[in-house]
Amino acid sequence: RQLDLEIWNAVFPEDANPIQPVRSFTGSLDAAMTLVPEGWFGALPINRRCDAWLRASNESPSIYGRGKTPATALCSTALRARAALLSLAA
């Protein structure tokens, strides 16, 4: 899928355009979990809405995301968390 490839290229630029198929970040919770920054934790509530939140510590603010499926909710939230880390590092 094109979106999964674009996510791969953004998160893993050193392995951009891999020969092997990339993980289905938007179709698999297991694959989406690999996008969560190391040490972060959160929740993916089971309800009609597909929401997720992540945070780096109990004292840090939560980052929220939403998707049409649990996998896309976690994927979008993990990408927002990664973007927050990059902005802090800049």
Quiz item: Counting only heavy atoms not in Glu38, do more than 12 sit closer than 6.0 Å to its CD atom?
Solution: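 Open.
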
Could you report the tightest heavy-atom contact between [X] and [Y], atom names first, then the distance?
{"X": "Pro61", "Y": "Arg55", "answer": "O-CB, 3.8 Å"}
{"X": "Ala32", "Y": "Ala71", "answer": "CB-O, 3.8 Å"}
{"X": "Cys50", "Y": "Ala73", "answer": "O-CB, 3.4 Å"}
{"X": "Tyr64", "Y": "Arg80", "answer": "O-CD, 3.3 Å"}

Quiz item: Out of Val11, Leu5, Asn9, which one pairs with Ile7 under the side-chain contact (heavy atoms from CB on, under 4.5 Å) rule?
Solution: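 Checked Val11, Leu5, Asn9 against Ile7; only one passes side-chain contact (heavy atoms from CB on, under 4.5 Å): Val11.
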
For [Y], does its backbone N or O pair with a side-chain atom of [X] as donor and acceptor, under 3.5 Å?
{"X": "Asp4", "Y": "Thr26", "answer": "yes"}
{"X": "Arg82", "Y": "Leu35", "answer": "yes"}
{"X": "Ser28", "Y": "Ser24", "answer": "no"}

Quiz item: Are Leu3 and Phe25 close enough that some pair of their side-chain heavy atoms sits under 4.5 Å apart?
Solution: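 Leu3 does not reach Phe25 side chain to side chain.
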
Quiz item: From Leu74 CG over to Leu79 CG, what is the distance, rounded to the nearest 0.5 angstrom?
Solution: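 Output value for this atom pair is 9.5 Å.
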
Exercise. State the CG-OG1 distance between Asp51 and Thr77, to the nearest 0.5 angstrom.
Key: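 Going from the CG atom of Asp51 to the OG1 atom of Thr77 covers 8.0 Å.
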
Quiz prompt | Same apolar cluster (I L V M F W Y, side chains within < 4.5 Å links), Leu44/Val36 | solution =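 Yes, one cluster joins them.
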
Practice problem: Show the numbers, then the answer: is there a side chain to side chain contact (heavy atoms under 4.5 Å, CB included) between Trp40 and Leu85? | Solution: CA-CA 11 Å; Trp40 284 54; Leu85 287 174; 3.9 Å; yes

Exercise. Could you go through the side chain to side chain contact (heavy atoms under 4.5 Å, CB included) check for Asp15 and Trp8 one step at a time?
Key: CA-CA 8 Å; Asp15 294 326; Trp8 177 275; 3.8 Å; yes

